[in-house]
Visitor: 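Could you have a look at this structure, given as structure tokens, before my questions?
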Amino acid sequence: MSPDVVIFVCTTCKREGDAADAPRAGAALAEAATALSGIFRVQPVKCLSSCKRGPTAAIVRPGGWSYVFGQLDIEAAPEALQQGAALLGGSADGLMPWQGRPELLKRNMIARIPPFDFSPAESTP
């Protein structure tokens, strides 16, 4: 398992329908994710540029794929993010396996981003 996996949580995210002056749901998610004892580092960030789908978080592993998730439930997401980080960290190929992925992460994925050194096995015309 890779301890280098990081969970980035957007602190500026709002939920759809939140008043402009309402406390930020993303900040509450970052606080809840940080408070959950897990082996993966939670790093609050100011913006993941997915404002219409907040609260959002990303799970990143050096040399592996990165995953961005949105519309996260503040109560359920911290544990789901830790489980997703464990799956990604334990993956031999740098991909988060679908099998065993929490339902919240299956339904709420926004993007899967290849590693910087990605080279496809097949060239495309």
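Atom set for the values below is all heavy atoms of this structure, side chains included, hydrogens, waters and symmetry mates excluded.
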Visitor: Can you confirm whether the side chains of Arg41 and Gln43 place a donor and an acceptor under 3.5 Å from each other?
Guide: yes
Visitor: Heavy atoms only: give me the nearest Gly70-Thr56 pair and the separation to one decimal.
Guide: CA-CG2, 3.8 Å
Visitor: Donor-acceptor pair, Asp18 side chain versus Arg15 backbone, under 3.5 Å?
Guide: yes
Visitor: Is any side-chain heavy atom of Leu87 closer than 4.5 Å to one of Gln99?
Guide: no
Visitor: If I take atom CG from residue Leu81 and atom CG from residue Leu29, how far apart are they, to the nearest 0.5 angstrom?
Guide: 6.5 Å
Visitor: Does the side chain of Ile110 reach to within under 4.5 Å of the side chain of Phe69, using non-hydrogen atoms?
Guide: no
Visitor: When you compare the side chain of Val5 with that of Ile59, does any pair of heavy atoms fall below 4.5 Å?
Guide: yes
Visitor: Please determine whether residues Ile74 and Val68 belong to a single hydrophobic cluster, defined as Ile, Leu, Val, Met, Phe, Trp and Tyr linked transitively by side-chain heavy-atom distances below 4.5 Å.
Guide: no
Visitor: Hey, does Val45 have a side-chain heavy atom less than 4.5 Å from the side chain of Val9?
Guide: no
Visitor: List the atom of Thr11, the atom of Ala30, and the distance in Å for their closest heavy-atom pair.
Guide: CG2-CB, 3.9 Å
Visitor: Report yes if some heavy atom in the side chain of Arg24 is under 4.5 Å from a heavy atom in the side chain of Pro55; otherwise report no.
Guide: no
Visitor: Side-chain heavy atoms under 4.5 angstrom apart, residues restricted to Ile, Leu, Val, Met, Phe, Trp, Tyr: same cluster for Val42 and Leu105?
Guide: yes
Visitor: Taking all non-hydrogen atoms of both residues into account, name the closest pair between Pro115 and Gly64 and its distance.
Guide: CB-O, 3.4 Å
Visitor: Would one find more than 12 heavy atoms of other residues, nucleotides or ligands at under 6.0 Å from atom CD of Glu16?
Guide: no
Visitor: How many angstroms lie between CG in Leu48 and SG in Cys13, if you round to the nearest 0.5 Å?
Guide: 6.5 Å
Visitor: Heavy atoms only: give me the nearest Ala77-Leu104 pair and the separation to one decimal.
Guide: CA-CD2, 3.5 Å
Visitor: Please report the interatomic distance NZ(Lys52) to NZ(Lys14), rounded to the nearest 0.5 Å.
Guide: 10.5 Å
Visitor: Might you point out which heavy atoms bring Cys51 and Cys47 nearest each other, and give the distance in Å?
Guide: SG-SG, 4.4 Å
Visitor: To the nearest 0.5 Å, what is the distance between CZ on Arg101 and CD on Gln83?
Guide: 12.0 Å
Visitor: Taking the side chain as every heavy atom from C-beta outward, state whether Trp65 and Met96 have any pair of such atoms under 4.5 Å apart.
Guide: no
Visitor: How close do Ser91 and Leu95 get, counting heavy atoms only, and between which atoms?
Guide: OG-O, 2.7 Å
Visitor: Quick one, Arg61 and Asp4 - any side-chain contact, counting heavy atoms below 4.5 Å?
Guide: no
Visitor: Heavy-atom count around Glu31 CD within 6.0 Å, excluding the residue itself: above 12?
Guide: no
Visitor: Taking the side chain as every heavy atom from C-beta outward, state whether Leu88 and Tyr67 have any pair of such atoms under 4.5 Å apart.
Guide: yes
